[in-house]
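What you see is a predicted model; the values in this text were computed from it and never measured.
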Number of protein chains: 2
Amino acid sequence: MAELPFPDLDPTSDRAVFRQIADHIRHAIERGTLAEGDKVPSEAQLMQHYGVARMTIRNALQVLQGEGLTVAEHGRGVFVRSHPPVRRLASDRFARRHREQGKAAFIAETEGAGGKPTVDSIKITEERPSADVAELLGISSEDQVIARSRRYLINGQPVETAVSYIPAEIARDTRIAQPDSGPGGIYARLEELGFRLDRFVEEIRSRMPLRDEVRALKLAPGVPVFHLVRTAYAADGRAVEVCDTVMSSDAYVLSYELPAR
Amino acid sequence: MAELPFPDLDPTSDRAVFRQIADHIRHAIERGTLAEGDKVPSEAQLMQHYGVARMTIRNALQVLQGEGLTVAEHGRGVFVRSHPPVRRLASDRFARRHREQGKAAFIAETEGAGGKPTVDSIKITEERPSADVAELLGISSEDQVIARSRRYLINGQPVETAVSYIPAEIARDTRIAQPDSGPGGIYARLEELGFRLDRFVEEIRSRMPLRDEVRALKLAPGVPVFHLVRTAYAADGRAVEVCDTVMSSDAYVLSYELPAR
DNA sequence: TTGACGTACTCCTCTAGAGGAGTCATAAAT
DNA sequence: ATTTATGACTCCTCTAGAGGAGTACGTCAA
């Protein structure tokens with residue numbers, strides 16, 4: 001059996017054994033001794049190398065998994081997590097000139113980067129808005145909204161879920177309430193309806209995903225999500241859409257330009 | 001002993017016992033049966049209630065901790081995590097009109113929100129930039145930069161660490177290279193030096209913290225961080241500063257305004 | 001060549017213990 | 001009144017097992 005590239009435990013340290021082991025493996029990953037996609041030595045190998053019980057090894061591996069450094073595959077082994085190519089979202093991604101190309105923002109960007117975009121599980125309902133959404137839209141929570149929910153995938157890998165809320169008064173019986181919202185997406189439709197879009201405000205949070213989100217985005221353990229809420233304002237100052245999206249944090253880098261004025 | 005507010009296990013389910021238990025507790029937290037700050041029943045109580053081994057209970061609690069829903073305090077118990085008040089960072093936070101008040105952005109904002117701001121562990125070095133920083137600043141990685149690192153706290157609670165890199169050619173022997181950079185902060189100094197700031201570009205990532213970051217920000221388990229890199233551009237298009245900051249995700253909501261043009 | 005099967009290896013779940021260490025309240029000693 | 005000791009309760013670490021289930025791969029029969 002080949003020697004493992006890990007030092008021995010330090011019995012004088014007050015650091016718990018499983019943490020020391022996690023430190024060794026983490027260090028190997030950071031140095032590149034274990035590269036992306038590499039297999040971490042098996043539980044049995046590690047048990048033998050360190051001479052500790054299996055649970056101690058599992059605790060160590062658990063730590064790394066929680067840090068998002070590794071993923072375990074049942075029956076195959078534990079692997080150093082490889083990071084997928086990220087999408088960089090620029091702050092001009094909703095500029096009108098892009099919309100006029102006739103493609104929705106997501107499709108245009110993804111194709112531009114050489115990926116295959118898909119949109120999935122499109123559901124449209126009419127409902128009462130939550131208090132938050134009503135507040136952002138500046139309407140009463142008694143009023144109805146059209147909720148368009150969907151999931152975005154790149155090369156079959158889910159990266160984002162989104163729900164748009166548009167006041168029913170605006171969107172009812174328009175193409176916005178149809179699964180296929182047409183060329184340029186719903187922002188193009190809103191402009192056709194006379195709501196010239198003026199600005200968007202995005203609020204960004206970062207947190208660990210809920211269980212449903214883990215499933216919908218096929219998230220590896222230890223991967224947080226961006227929670228982004230965008231409000232679209234028309235030229236008259238009226239909010240015409242709120243879009244609530246959850247994005248896998250390792251699929252995205254968000255980029256914004258701020259004026260110094 | 002009081003009855004615990006959890007149902008029995010479903011022995012027919014193929015869901016692992018510890019996951020079922022985690023589900024019960026998570027559900028109680030979501031419904032509010034267990035409110036923020038409440039103590040989760042102790043391991044012993046849960047063992048007795050469910051009639052399972054202690055490790056099974058600990059696994060369940062581990063799941064919740066990994067989700068950032070609970071924190072364990074050695075010797076005291078496990079508690080539902082309470083979320084501190086968040087700071088909302090607006091996209092005009094670096095506007096010149098704020099700088100002219102004579103206060104650095106962080107101080108002004110925090111006092112405005114009624115908190116006590118502190119800046120901590122200020123260290124200034126002159127060094128060679130990393131490849132990333134050199135690229136953003138548009139300089140060679142042979143050139144020197146001034147690195148200003150510091151930590152921000154609100155009411156004694158660390159919320160953010162930041163390192164600013166400014167080309168040494170610009171900042172050497174100026175107040176920027178002093179621990180106290182003077183009224184209005186380094187952006188005010190840069191403008192005094194003739195670099196009229198034009199725009200900032202911020203790139204945002206979200207990820208789990210490294211070990212050092214957990215320590216520096218006193219992060220609870222299961223709390224991700226924002227990793228934000230801001231580049232400041234002068235009116236001539238030259239990059240004059242790169243600021244690399246790591247923020248506790250439960251202390252911040254980031255807000256940006258995007259033009260629709 | 002193909003497909004079924006077995007086997008070895010992997011991680012997953014769970015049990016049943018043990019000692020350690022931090023916290024807190026109370027009782028005893030000063 | 002203050003300090004010190006004690007004990008109950010908490011979570012933390014670790015051991016030593018057991019059976020389960022998914023994966024990879026070689027063997028053997030069709």
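Ion pair A:R88/B:E203 flagged as a salt bridge, since at least one NZ, NE, NH1 or NH2 atom sits closer than 4.0 Å to an Asp/Glu carboxylate oxygen. Taking the charged nitrogens against the carboxylate oxygens, B:R207 and B:E213 do have a contact shorter than 4.0 Å, which makes a salt bridge.
From the 5' end on, the contacts that DNA chain C makes with chain B at under 4.0 Å to a non-hydrogen atom open and close at C:dT13 to C:dC24.
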| task | Any chance you could lay out the side-chain contact (heavy atoms from CB on, under 4.5 Å) test for B:I25 and B:L46, step after step, and finish with the verdict? | result | CA-CA 10 Å; B:I25 302 174; B:L46 291 167; 4.3 Å; yes

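At whole-Å resolution of the value, CD in A:E43 and P in D:dG22 are 16 Å apart. Protein atom CG of B:D14 is 15 Å distant from nucleotide atom C1' of D:dG22, rounded to whole Å.
Side-chain contact between A:L61 and A:Q65: absent, with no pair of heavy atoms (C-beta onward) separated by less than 4.5 Å. You'll find the side chain of B:R26 reaches within 4.5 Å of the side chain of A:R211, heavy atoms only.
Residue contacts for A:R19: at a heavy-atom cut-off of 4.0 Å it reaches the sugar-phosphate backbone alone, with no base atom in range.
For the pair A:M55 and A:E73, both in contact range of DNA chain D, the more 5′-proximal nearest nucleotide belongs to A:M55.
In terms of modelled atom types and a separation under 3.5 Å, the side chain of A:N155 and the main chain of A:K116 share a donor-acceptor contact.
Contact annotation: A:R76 reaches the phosphate of D:dA24 (side-chain N/O to OP1 or OP2, under 4.0 Å).
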